[in-house]
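The sequence lines fix the lettering, A, B, ..., with proteins before strands; numbering per chain opens at 1.
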There are 2 protein chains.
Amino acid sequence: MQPHIYEKQLKIPHYLGDRYRRITLPHLMNVLIEVSGEQTEEIGALSVREHGLSWVIIQYDLEIHRIPKTDEMIKVKTFAREYNRIFSYREFEVYDENDQLIVYVMTVFALINTNRKLSKISPEIVEGYGSTENRRIKRMPKPEVPKNIETAQHRKIQVGYFDIDTNFHANNSTYFIWMLEALSDDFLATHEPIHGNIVFEKEVHIGEEVDSYTELATNEEGQLISRHQIQVNDTVKCTGTFTWKES
Amino acid sequence: MQPHIYEKQLKIPHYLGDRYRRITLPHLMNVLIEVSGEQTEEIGALSVREHGLSWVIIQYDLEIHRIPKTDEMIKVKTFAREYNRIFSYREFEVYDENDQLIVYVMTVFALINTNRKLSKISPEIVEGYGSTENRRIKRMPKPEVPKNIETAQHRKIQVGYFDIDTNFHANNSTYFIWMLEALSDDFLATHEPIHGNIVFEKEVHIGEEVDSYTELATNEEGQLISRHQIQVNDTVKCTGTFTWKES
């Protein structure tokens, strides 16, 4: 079966950008998720919400060849090629005006019920997306986490009203802000991510105090990486690894 | 002279909304400023940046009849009717699909040079906007500030990478987050602003620690108001007053 491919062209507004007029990673994620929501609307997919279910994002794996600039026209393609009983895999491709692939994102979604427990993904739920059932669960790489929390760079953040989305917990894109800002302004001003791997472990709620830990290291290929862990009290909420180049 | 009116229809993406699917005030301001930028592009206005100048926002005065919802189609109209040597006055009107005015915003802009000093607004600079020179400076009301900083509600915020825009200081919309989150989540979840008056006094920079103070009170009309003051160390950066109704 061929997956249904949804395609959207859009111009990136300035307010989604950083000081260097690049779309920020949290906003890039927001834009991609918005486009996948448009696909769901277009194909008239079964409303999981009416069945007391919600899609939650478990993992992102990003390959970034170039970060789109504000005011730039991009084309986003998205499709959900495969699923199994537990996970649905949705891919995003971002192209520039010359039809060059500049960003590729693999996302892993799961379904949860009103008790926040995993719910089985049935063929009816993915109907219309043209997803093929593949019983084998994809082995996604796990992020590296800081080896030493005591010596890691640390930022403490108070979760605020504007961090919370319609699920009444912190929006996934907010975790990017928490992870990245722990790296310091100087670092972010002089480096660009070329890869990211983020796993969402648990929800973060209003009023909680987030501890964001990060540690810089070099991987086997000699690339600069940052390892991240987000905690509330001692519970791990999110882990991530980014690979960097100087900008 | 009639001002040039720029008009834009747009659908509000979900990621600009809060948990109740209303566009957040900071994002509403972002959208409006983006639309005014499109007018500048459309009329081919003189590039102030090429003259070493920048527009800065001094004040917002918002009348909110209804906050637009995410996924809602709105129409934004903007025009700059009047200016004087120091200020340009830009108005925004937000209409819903039934052509009802739901938000009206008056903004006061000033021009600054590379030394961050005020620069005179010349007729060439506003050419194309159809603005009329009116030498009389409009008397805009000033916000009320907390009467007692010691007993005011207080939130401390560390300015982060993602708060900073292309001017290399905190984006104006970020001040809204700082002001409003000092009111507490419970308050924001149960109240909606119907009026806002915000004055930007000084820039906030990366790495600074922001103190956001707020105090609730009742105005002469018996309406619930919040008084706000944003400080870094003891310098006032921004003041604001919002009027609220229960939602």
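Put simply, the residue from A:Gln158, A:Arg155, A:Lys156 that forms a side-chain contact (heavy atoms from CB on, under 4.5 Å) with B:Gln158 is A:Arg155.
A 6.0 Å sphere centred on NE2 of B:His51 holds no more than 12 heavy atoms belonging to other residues, nucleotides or ligands.
We find the NE2-OH distance between A:His27 and B:Tyr15 to be 8.0 Å, quoted to the nearest 0.5 Å. Rounding to the nearest 0.5 Å gives a distance of 8.0 Å between NE2 of A:His14 and OG1 of B:Thr166.
Interface residue B:Val31: backbone and side-chain heavy atoms are both found under 4.5 Å from chain A.
The residue among A:Ile164, A:Asp165, A:Ile33 with the most heavy atom pairs within less than 4.5 Å of chain B is A:Ile164.
Proximity to chain B among residues 168-190 of chain A is limited to A:Phe168, A:Ile177, A:Leu180, A:Glu181, A:Asp185, A:Leu188, A:Ala189, judged by heavy-atom separations below 4.5 angstrom. The interface of residues 235-247 of chain A with chain B, defined by heavy-atom distances below 4.5 Å, is empty.
B:Arg19 approaches A:Ile206 most closely through the heavy-atom pair NH2-CD1, 4.2 Å. Summarising the geometry of A:Asp71 relative to B:Glu41, their closest heavy-atom pair is OD2-OE1, 4.2 Å, with the distance given to 0.1 Å.
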